[in-house]
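In what follows, chains carry the letters A, B, and so on, assigned in the order in which the sequence lines appear, proteins first and then strands, with residues in each chain numbered from 1.
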Protein chains: 2
Amino acid sequence: MSDTDFACCTPLTGTSMSTDQAEQVAPLLKALADPVRLRLVSLIASSEGGEACVCDLNEAFDQTQATISHHLKVLHAAGLLDREKRGVWVYYAVRPEALSAVATLFSTPAPAGASA
Amino acid sequence: MSDTDFACCTPLTGTSMSTDQAEQVAPLLKALADPVRLRLVSLIASSEGGEACVCDLNEAFDQTQATISHHLKVLHAAGLLDREKRGVWVYYAVRPEALSAVATLFSTPAPAGASA
DNA sequence: CCCCGACATCGATAATTGTCAATACGACGG
DNA sequence: CCGTCGTATTGACAATTATCGATGTCGGGG
């Protein structure tokens with residue numbers, strides 16, 4: 001892995017995206033394109049210090065512990081979450097760089113055709 | 001369908017997201033979570049008037065015409081693209097509301113250092 | 001030392017998806 | 001009216017994925 005470097009992508013609008021860029025960002029979107037994972041990220045991001053214990057996360061969902069663990073693994077593998085073991089518990093934290101890489105994608109660069 | 005109404009979602013960070021919101025936005029992300037579709041949207045968005053003819057789109061990709069047609073259908077079904085037939089050709093156009101719905105997701109709400 | 005609680009991994013299964021070749025369909029041009 | 005071009009649909013297939021039950025692993029408490 002070690003791809004801590006995210007595509008500092010040009011926005012979706014504005015200029016057309018390169019194949020490489022698309023292939024870099026798509027996995028991030030794919031990781032987020034699930035209701036459970038979306039809520040996981042949201043829950044973690046809105047927790048104290050931007051991190052949350054798996055034990056708390058588990059209780060917030062209907063799915064089994066194995067399923068939640070799987071989703072967290074996917075988000076971690078995509079580089080969206082950091083993982084830290086503290087004693088018996090495991091804490092996941094959002095990686096702002098990853099989120100902002102995606103945010104850049106959807107930021108409108110400049111009003112199209114506004115230049116007269 | 002007819003869900004021209006997009007979740008005017010709270011950002012991912014800030015407050016934790018409701019199950020309903022997650023289930024509303026996830027399909028949008030899912031539709032975008034593919035390199036080909038990402039490039040399609042980008043290509044269309046950066047075209048004249050925010051729309052593009054399928055005939056041009058086809059030539060910009062290695063995949064077969066059927067595959068491109070399929071991806072366009074997915075994007076259209078998700079509400080991300082509008083479809084208009086003009087004569088023999090079909091034009092797809094981006095739906096800014098859809099994109100901005102997703103953009104809202106990734107917009108950071110809290111300016112900075114609210115509480116120290 | 002043994003058990004228990006927190007989390008991850010494994011194995012299995014059903015569902016979804018990306019892709020293509022083949023075919024259908026609708027609009028022109030001759 | 002027939003052939004052709006642009007696009008969509010169908011059918012098939014391999015690959016991926018979401019989910020679960022069962023089991024493994026690791027750390028702490030008694």
| said: With a sphere of 6.0 Å drawn around CD of Glu48(B), does it hold more than 12 non-hydrogen atoms of other residues, nucleotides or ligands? | reply: no
| How many angstroms lie between NZ in Lys73(A) and CZ in Arg37(A), if you round to the nearest 0.5 Å? |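 Rounded to the nearest 0.5 Å, the NZ-CZ separation comes out at 12.5 Å.
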Report yes or no: does [X] contribute a side-chain atom to a donor-acceptor pair with the main-chain N or O of [Y] at less than 3.5 Å?
| X | Y | value |
| --- | --- | --- |
| Ser69(B) | Gln65(B) | no |
| Ser42(A) | Leu38(A) | no |
| Thr104(B) | Ser100(B) | yes |

| Nucleotide-resolved protein contact map, nucleotides 24-30 of chain C, B/S/- at heavy-atom distance under 4.0 Å | ---SS--
| When all nucleic acid strands are considered with a 4.0 Å heavy-atom cut-off, which category describes Tyr91(A): base, sugar-phosphate, or nothing? | nothing
Using the side-chain heavy atoms of [X], tell me which of these nucleotides is nearest: [options].
| X | options | answer |
| --- | --- | --- |
| Trp89(B) | dT19(D), dG6(D), dT16(D) | dG6(D) |
| Val54(B) | dT19(C), dA8(C), dA8(D) | dA8(D) |
| Tyr92(A) | dC7(C), dT19(D), dA8(C) | dA8(C) |

Using whole Å, report how far [atom1] of [X] lies from [atom2] of [N].
| X | N | atom1 | atom2 | answer |
| --- | --- | --- | --- | --- |
| Arg83(B) | dG6(D) | CZ | C1' | 11 Å |
| Lys30(B) | dT17(C) | NZ | C1' | 9 Å |
| His71(B) | dT17(C) | NE2 | C1' | 9 Å |
| Leu29(B) | dT16(C) | CG | P | 19 Å |
| Arg39(A) | dA18(D) | CZ | P | 16 Å |
| Leu75(B) | dT7(D) | CG | C1' | 16 Å |

| Partner residues of Asp62(B) under the side chain to side chain contact (heavy atoms under 4.5 Å, CB included) criterion, sequence neighbours left out | none
| task | Give me the residues of residues 57-70 of chain A where at least one heavy atom lies under 4.0 Å from an atom of DNA chain C, by number, or none. | result |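 Under 4.0 Å from DNA chain C: Gln65(A), Ala66(A), Ser69(A).
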